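One structure below.
For the numbers below, each heavy atom of this structure counts, side chains included, while hydrogens, waters and symmetry mates do not. Just so you know, these numbers come straight off a predicted model, no measurement behind them. Order of the sequence lines sets the chain letters (A, B, ...), proteins ahead of strands, with each chain counted from 1.
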Amino acid sequence: MRIGYPCINRRIGCTPNSTFRLANYSPQRLVETIRGNLECLQRTLAFNAEHGVLFFRIGSSLVPFASHPVCDYDWADHFRSEFSRIGRFAGDHGMRLSMHPDQFVLINALDPDIIARSAAELVYHAQVLDLMELDRAARVQIHIGGAYGDRPAALDRFCENYQRLSEPVRRRLAIENDERLFGLSDCLTVHRRTGVPIVFDRFHHECLNAGESVREALRLAAATWQAEDGPLMVDYSTQAAGQRAGRHSEHLDPEAFEAFLAEAVEVDPDVMLEIKDKEASAIEAVAVLKALEA
DNA sequence: AGGTGTCAAGCGTCC
DNA sequence: GGACGCTTGACACCT
C-alpha cells in the first residue's frame, strides 16, 4: 500500500501549481512558469521519496492554460527531457502518480462545446503522464458529471461520450464516486459498460451510498482494476469536526485511519489523503501503516 | 509588506 | 433568473 497527498507540499517552500492571469499570457511567461513548476514537482517527489510517501497527485495547473486556445506554444517538446526525468525518478522509487481535473471537465454535458473543452483538458492531463513515460497505473480521475435533470440519461451520455474519447485518454481515465449525484453503484454501472476503473472515495461514499459497507465497497471498486492498471486508488478524507458538511479535516485522525486500514487491508489499495495539512498527515499515515505491518 | 478581491471553464441549490 | 457555494490556491492589484 502506498500513501499519498494531493498537489502541494506545504513544507518545502515552493509550489508546482504556479499560474498567471490569462490576460498576462505570453509564451515566455508560460515557459518560465512551467520550468518553475517542474523544478518544484521534482523537489516535491524527492521529499516524498525520503519520507516513504509513494503516491502523489499532480495539480492541473502544472502547465497553465494547456488546453486553452491561447496556448499555441509547444511546451511538450520544450520540456520533453524534464518530464521524462521526473517520470524516471518516480519509477525508480516505486511511486505512483495521478491527476484530477476539476469540476469543469464534464464529458456527459449537453452542450457539445463543453464536451469538446473537457476532452481537450483530458488530452492535456493524459499527455503529462505520457510525457513522463508512466505506465497505465498513473491515472486521470474524474467524476461522472452533472445530472441535467435526468440521471439515467446523463449516465448513458457519459458512456457514449467515453467511447468517443481518444485512446490515450481512455487508457488513463478513472471515475470517482461523488457525494451527491453518482455514487459507487452508478460508477459500477458505467464500469460494466465501458471498463473504466473506479477510484473509491471513502468520504463521498459516506455521504451517498446504496447501503454497501466500506469493506464491501472497497472489494467492488478493487475488482474494476485490471492488473496493468495497478492497485485500487482510494481518496481518503474525513469531515472536519463542527464545520460545514463536505469540508475536509485539518489533520489526520490516526485512530480513524487505523480503523480504515483494517477494512482496507484485504484489497491493499493506494490511498490518497485529502487532508488540509497535506504531507504532514501523509507522513503520519505512513508511520501508522508501518506500525501495523511491524 | 500585507490584505484582499478575483481568477477559463459549470453544475446544483436557494432565493 | 440571478447569486452563490463548491474546494482551494495563487495572482495581482490595492493600500
Rounded to whole angstrom units, what separation is found between the [atom1] atom of [X] and the [atom2] atom of [N]?
{"X": "Arg151(A)", "N": "dG12(B)", "atom1": "CZ", "atom2": "C1'", "value": "14 Å"}
{"X": "Gln141(A)", "N": "dT7(C)", "atom1": "CD", "atom2": "P", "value": "15 Å"}
{"X": "Ile144(A)", "N": "dC11(B)", "atom1": "CD1", "atom2": "P", "value": "16 Å"}
{"X": "Glu279(A)", "N": "dG9(C)", "atom1": "CD", "atom2": "C1'", "value": "15 Å"}
{"X": "Asp102(A)", "N": "dG5(C)", "atom1": "CG", "atom2": "P", "value": "18 Å"}
{"X": "Gln103(A)", "N": "dC11(B)", "atom1": "CD", "atom2": "P", "value": "11 Å"}
{"X": "Tyr5(A)", "N": "dG9(C)", "atom1": "OH", "atom2": "C1'", "value": "15 Å"}
{"X": "Asp178(A)", "N": "dT13(B)", "atom1": "CG", "atom2": "P", "value": "11 Å"}

Out of [options], which has the shortest distance to the side chain of [X]?
{"X": "Leu106(A)", "options": "dC11(B), dA12(C), dA10(C)", "value": "dC11(B)"}
{"X": "Glu179(A)", "options": "dG5(B), dG12(B), dT7(C)", "value": "dT7(C)"}
{"X": "Leu181(A)", "options": "dA12(C), dG12(B), dA9(B)", "value": "dG12(B)"}
{"X": "Ala147(A)", "options": "dA8(B), dC11(C), dG12(B)", "value": "dG12(B)"}
{"X": "Phe104(A)", "options": "dA9(B), dC11(C), dA8(B)", "value": "dA9(B)"}

State the pairing partner of [N]; accept Watson-Crick or G-U wobble contacts with both distances under 3.5 Å, and report none otherwise.
{"N": "dG3(B)", "result": "dC13(C)"}
{"N": "dG2(C)", "result": "dC14(B)"}
{"N": "dA8(B)", "result": "none"}

For the [atom1] atoms, the ones on [N] and on [M], what distance do you get once it is rounded to whole angstrom?
{"N": "dG5(B)", "M": "dC4(C)", "atom1": "P", "result": "13 Å"}
{"N": "dT13(B)", "M": "dT7(C)", "atom1": "P", "result": "14 Å"}
{"N": "dG2(C)", "M": "dA8(B)", "atom1": "P", "result": "22 Å"}

Indicate the ring-plane relationship of Phe79(A) and Phe83(A), choosing parallel, tilted or perpendicular according to the 30° and 60° boundaries.
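Rings of Phe79(A) and Phe83(A): perpendicular, as their planes differ by over 60°.
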Sugar-phosphate only, base, or nothing, as touched by Ser61(A) at under 4.0 Å among non-hydrogen atoms
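The residue Ser61(A) makes no contact with any strand.
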With sugar-phosphate meaning primed atoms plus P, OP1 and OP2, does Tyr148(A) contact a base, only sugar-phosphate, or nothing at under 4.0 Å between heavy atoms?
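Result for Tyr148(A) = sugar-phosphate.
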Looking only at the aromatic ring of each residue, does the gap between the centers of Tyr236(A) and Phe203(A) stay below 6.0 angstrom?
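Centroid separation for Phe203(A) and Tyr236(A): 6.0 Å or greater.
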Run the ring-centre check on Phe200(A) versus His205(A) and record whether the distance is less than 6.0 Å.
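Ring centres of His205(A) and Phe200(A) closer than 6.0 Å.
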Backbone N/O of Thr44(A) and side chain of Asn9(A): donor-acceptor pair under 3.5 Å
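No: the side chain of Asn9(A) does not pair with the backbone of Thr44(A).
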Contact under 4.0 Å: [X] side-chain N or O vs [N] OP1/OP2:
{"X": "Arg29(A)", "N": "dA12(C)", "result": "yes"}
{"X": "Arg117(A)", "N": "dG10(B)", "result": "yes"}
{"X": "Asn24(A)", "N": "dC11(C)", "result": "no"}
{"X": "Ser18(A)", "N": "dA10(C)", "result": "no"}

Would you mind telling me which residue lines up with the more 5' stretch of DNA chain C, Leu22(A) or Arg10(A), judged by nearest nucleotide?
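Between the two, 5'-proximity favours Arg10(A).
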Less than 6.0 angstrom from the centroid, inside 45 degrees of the normal: does Arg157(A) satisfy that with respect to the ring of Tyr148(A)?
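Yes, Arg157(A) and Tyr148(A) form such a contact.
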Please check if atom CD in Glu228(A) has more than 12 non-hydrogen atoms from other residues, nucleotides or ligands closer than 6.0 Å.
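Atom CD in Glu228(A) is packed in, count exceeds 12.
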